[in-house]
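Just so you know, these numbers use all the heavy atoms, side chains as well, and skip hydrogens, waters and symmetry mates. Throughout, a chain's letter reflects where its sequence line sits, starting with A, and its residues are numbered from 1.
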Amino acid sequence: MSISIEFPDGSKKPFDDGVNVLDVAKSISTSLGKKAIAGKFNGELVDLDRPLKQDGKLAILTNQDADALVVLNDTAAFILAAVLKQTYPKMHFGEGHSTADGFFYDTDNADGQVTVNDLSTLKEKMMKLVKANGEIKRVLVSKETLLKEFAGDPYKESLINAEAGVEVPAFQLGDFIDFGYRALLKKAGEAKVFDLLSVAGAYWQGKSSNPMLQRIYGTAFYKQADLDADLKRRSEIKERDHRTLGRELDLFFVDPKVGAGLPYWMPNGATIRRTIERYIIDREVAAGYEHVYTPVLANLDLYKQSGHWDHYRDDMFPPMDMGDGEMLELRPMNCPSHIQIYQHHLRSYRELPIRIAELGMMHRYEKSGALSGLQRVREMTLNDGHTFVRPDQIQDEFKNILKLMMSVYDDFDITDYTFRLSYRDPQNTEKYFDDDEMWNKSQAMLKGAMDDLGLDYYEAEGEAAFYGPKLDVQTKTALGNDETLSTIQLDFMMPEKFHLVYTGEDGEEHRPVMIHRGVISTMERFIAYLTEIYKGAFPTWLAPTQVDIIPVNLDLHVKYAETIQKQLLAEGIRVKIDKRNEKMGYKIREAQTQKIPYTIVVGDQEVEDATVSVRPYSAEKAEREDLNVFLDAVVAEVHNYSRTGKKNKAEAKLDK
RNA sequence: GCCGCUUUAGCUCAGCAGGUAGAGCAUCACCAUGGUAAGGUGGGGGUCGCCGGUUCAAAUCCGGCAAGCGGCUCCA
């Protein structure tokens, strides 16, 4: 019997049934046989020993392929486990494998958990094992044998029992055996470039009701230079972290003595925030939204009616008992407030869509372990809006919102994001509003709208709100954690619960649909995000101080500096004169470390011919410019929401 | 909330075989009046996160709590 293997270049070759991947690689060329790390057979990662028993497409992976890194990191995880087993014979093991940027292994040790202090010893032992360069063999073993191998280990036992079939494909190095990998390197010595990074708790199988294991994180590469670069990248994350920059640039602080998760905005941060708030209100008003103000406190009944109390009680501040039977609640969400606005008048079908928006302050009692700088706080101001539409207006309104969102991203130079369609979890429907037809219909509606617009997205089950599916715009923080930047949520439930109606053309009452949407998230989270993507160098229109004027000589040039300041202030530019009794170099250094967009120096030459010496942030040197030219350029830049004077392009893109 | 680690001056950090604290930057004063990334000298500033225990004596050892950090869970 022979099988036909197709290669990436489209060519096909016959092989004996049961030929292994390595032999196929060798048959192509000796060098490929040497370089081969694993294969990809019909899209599935396979190790070199794997016998091929059917026709299919095969790609031989070398260390140039991205998937080869998966094999390497899986191998590193395997070697770590081998060392752990040898070091702590009583240790129990959870899962362990490669991740997007490294590998991990979950452990549970009765005689004291592994801590960061143990990592260097473990690393040394791994190095030793790697140097011994033993062969890693693929073996098929019975579940029985594996169960004996991991006797007394409840986690491994459950993993073994979860395997399909009687025999489990496993890998063996010396007398250590482990399973759950698709492909590993053939020689332990090939996994010599790695590092152990950290230890963190992780629930067994990701369930918080399960015991917590210790997860050991590491990363591995084929070349030392790649590892060095990666370690450097990890250490540079701190320079981009909004908490570090927030302190350095004096944007905000959180002081546990006056309240964990309750940020204080310093003048610099407040300036950025105010600028963004004015911007987004203007954009939304221009897009047909009516901005309102509603109270941060409401009768608890409001949240009982909306369902928030039922679903999120644990994450809400406890109600205030006013003593006369009234219970007041710090609002955790604005939607019920905007529903009150809608209900305050009788609504006609002619008015819809009605778009209500607010920079609404909310309070949520986030768990202490979840708090993080401005990214997770207990008091936040949400760029919130609710549009009330007729069912036939849903798709159009969805597109309107999306258009606004992308246009706003353009003004902030936000380019790194993905769309996620968030559906309910079909395995766990009791968490959600109970109406199968509604879910199926609205999920299909969202998908249809995205397909219509030709936008790429991925689908995620279990990420919906309890009242409806949503489109989330996902991005990443400096640390690489996922974060929702914007969201559009379809809601058929709240209108039901609050008996919302409008009078139709037929004179009858009809139920509107609510669309919840947030364009720039909360002010807190958005500014944290911007701080990270700009690395603290805010574009001119957002920068707390836009121009810093440094007079060469305090006696001779301050007057001219003040004339310039007056002119800039008249144009609404945020400008400061550095009148401190310090040397120029000192002031320039500080202006640069504070990432002020423009530092201008004025001395005799500038006074004489009405110029300024301009040094933009991060520029190596200054250039002299006519004062009026500089002024016009800065003003234009601020109006274009940028530092480069470019115009918004997203609107044109979607405006078809 | 859970696991691990951490908490000393405004910031970054040192001190920790137990004897009530140091550096650099910042701040203040004085000198220097300087043309594009830190000029010099001097001064002030901390009940060492909080509470309790061991001890003649605790920043240092032990326990509890809180907060921060890295994750996990959660995130309307």
Side-chain angles (χ1 to χ4, degrees), chain A residues 104 106-108 112-118 197-217 238 241 243-244 247-248 250 253-257 259-261 303 306-312 314-316 331-336 362 364-373 375-377 380 382 384 463-468 470 479 481-484 487 489 491 494 516 518 522 525 550-557 581-593 599-606 613-615 618-624:
Chain A
F104 71 84
D106 285 350
T107 66
D108 184 14
Q113 302 288 15
V114 171
T115 74
V116 262
N117 304 322
D118 302 318
L197 301 170
S198 59
V199 174
Y203 294 109
W204 163 237
Q205 293 189 324
K207 284 206 187 96
S208 57
S209 52
N210 282 345
M212 181 152 279
L213 309 180
Q214 292 308 110
R215 178 168 291 181
I216 301 171
Y217 283 98
K238 208 168 177 196
D241 192 311
R243 291 164 298 190
T244 309
R247 196 180 323 103
E248 285 170 3
D250 208 17
F253 69 88
V254 184
D255 183 351
K257 284 202 258 331
Y303 304 107
S306 68
H308 287 104
W309 180 247
D310 260 5
H311 275 85
Y312 298 108
D314 289 349
D315 295 317
M316 287 167 66
R331 79 161 160 211
M333 235 312 153
N334 309 309
C335 12
M362 334 183 284
R364 296 179 183 176
Y365 193 76
E366 300 284 0
K367 302 270 177 281
S368 62
L371 298 177
S372 176
Q375 272 152 0
R376 278 295 276 281
V377 291
M380 68 216 90
L382 186 64
D384 209 1
E463 295 290 347
F466 72 87
Y467 47 73
K470 47 185 185 155
L479 285 171
N481 298 320
D482 270 347
E483 187 170 76
T484 300
T487 184
Q489 311 173 353
D491 180 6
M494 295 280 171
H516 308 235
T522 66
R525 195 173 275 192
I550 299 174
V552 173
N553 180 295
L554 286 183
D555 292 326
L556 305 174
H557 309 126
N581 200 5
E582 291 290 350
K583 296 188 88 165
M584 264 186 63
Y586 180 89
K587 295 182 184 179
I588 293 205
R589 179 173 195 276
E590 190 164 288
Q592 293 292 315
T593 53
T599 305
I600 66 181
V601 171
V602 291
D604 284 341
Q605 297 161 34
E606 287 78 12
S613 172
V614 183
R615 177 168 168 155
S618 85
E620 287 297 317
K621 54 181 186 174
E623 273 183 40
R624 286 191 49 207

Any side-chain N or O of [X] below 4.0 angstrom from OP1/OP2 of [N]?
X        : N     : result
A:Arg364 : B:C74 : no
A:Ser198 : B:G71 : no
A:Arg615 : B:A37 : yes
A:Tyr365 : B:C75 : no
A:Arg243 : B:G70 : yes

Any side-chain heavy atom of [X] within less than 4.5 Å of one from [Y]?
X        : Y        : answer
A:Gln375 : A:Arg243 : no
A:Met584 : A:Ile550 : yes
A:Arg215 : A:Asp106 : yes
A:Lys587 : A:Val601 : no

Among [options], which is the nearest nucleotide to the side chain of [X]?
X        : options             : value
A:Ser613 : B:G70, B:U36, B:C72 : B:U36
A:Arg247 : B:A67, B:A32, B:C11 : B:C11
A:Tyr586 : B:G70, B:G71, B:A38 : B:A38
A:Asp315 : B:A76, B:G70, B:A67 : B:A76
A:Tyr217 : B:G71, B:U36, B:U33 : B:G71
A:Ala622 : B:G4, B:A76, B:U36  : B:U36
A:Met212 : B:A76, B:C5, B:C3   : B:C3
A:Val116 : B:C5, B:G35, B:G68  : B:C5
A:Gln214 : B:A76, B:G39, B:C3  : B:C3
A:Val601 : B:G35, B:G71, B:C2  : B:G35

Base, sugar-phosphate alone, or nothing: which one does [X] contact when heavy atoms must sit under 4.0 Å apart?
X        : value
A:Asp555 : nothing
A:Gln592 : base
A:Lys583 : base
A:Ala202 : sugar-phosphate
A:Lys470 : sugar-phosphate
A:Gly603 : base
A:Ser209 : nothing
A:Glu590 : nothing
A:His311 : nothing
A:Asp604 : base
A:Leu197 : nothing
A:Gly206 : sugar-phosphate
A:Gln205 : nothing
A:Leu213 : nothing

In whole Å, what separates the [atom1] atom of [N] from that of [M]?
N     : M     : atom1 : value
B:C72 : B:A23 : P     : 42 Å
B:C51 : B:U7  : C1'   : 15 Å
B:G71 : B:U27 : C1'   : 38 Å
B:A58 : B:G18 : C1'   : 6 Å
B:G40 : B:U60 : P     : 37 Å

A:Tyr312/A:Tyr303 aromatic ring centres below 6.0 Å: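 No, they do not, as the ring centres are separated by 6.0 Å or more.
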Rounded to the nearest 0.5 Å, what separation is found between the OG1 atom of A:Thr599 and the CZ atom of A:Arg615?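 Those atoms lie 7.0 Å apart.
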Of the non-hydrogen atoms in [X] and [Y], which two are nearest, and what is the gap between them?
X        : Y        : answer
A:Gln592 : A:Ser618 : OE1-N, 2.9 Å
A:Asp491 : A:His516 : OD2-NE2, 2.7 Å
A:Val114 : A:Asp118 : CA-OD2, 3.4 Å
A:Thr107 : A:Gln113 : O-OE1, 4.3 Å

Stems involving RNA chain B, each a run of at least 3 consecutive Watson-Crick or G-U pairs under 3.5 Å: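 Detected stem regions: B:1-7 with B:66-72, B:10-13 with B:22-25, B:27-31 with B:39-43, B:49-53 with B:61-65.
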With nearest nucleotides of RNA chain B determined for A:Gln605 and A:Met316 from heavy-atom distances, which residue corresponds to the more 5′ nucleotide?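 Nearest nucleotide further toward 5': that of A:Gln605.
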Which residue, A:Ala465 or A:Ala260, contacts RNA chain B at a nucleotide closer to its 5' end, judged by nearest heavy atom?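 Result: A:Ala260.
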Aromatic ring of A:Tyr467 stacked on base six-ring of B:A76, 5.5 Å, 30°: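 The base of B:A76 is not stacked with A:Tyr467 (the test needs centres under 5.5 Å and planes under 30°).
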Mind calculating the distance between CG (A:Asp250) and C1' (B:A26) to the nearest angstrom?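 About 12 Å, once rounded to whole Å.
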Is there a donor and acceptor pair, one atom on the side chain of A:Glu606 and one on the base of B:G35, closer than 3.5 Å?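 It does, because a donor-acceptor pair links the side chain of A:Glu606 to the base of B:G35 below 3.5 Å.
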Can you tell me whether the side chain of A:Asp255 and the base of B:A67 have a donor-acceptor pair closer than 3.5 Å?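 Answer is no: no donor-acceptor pair is held.
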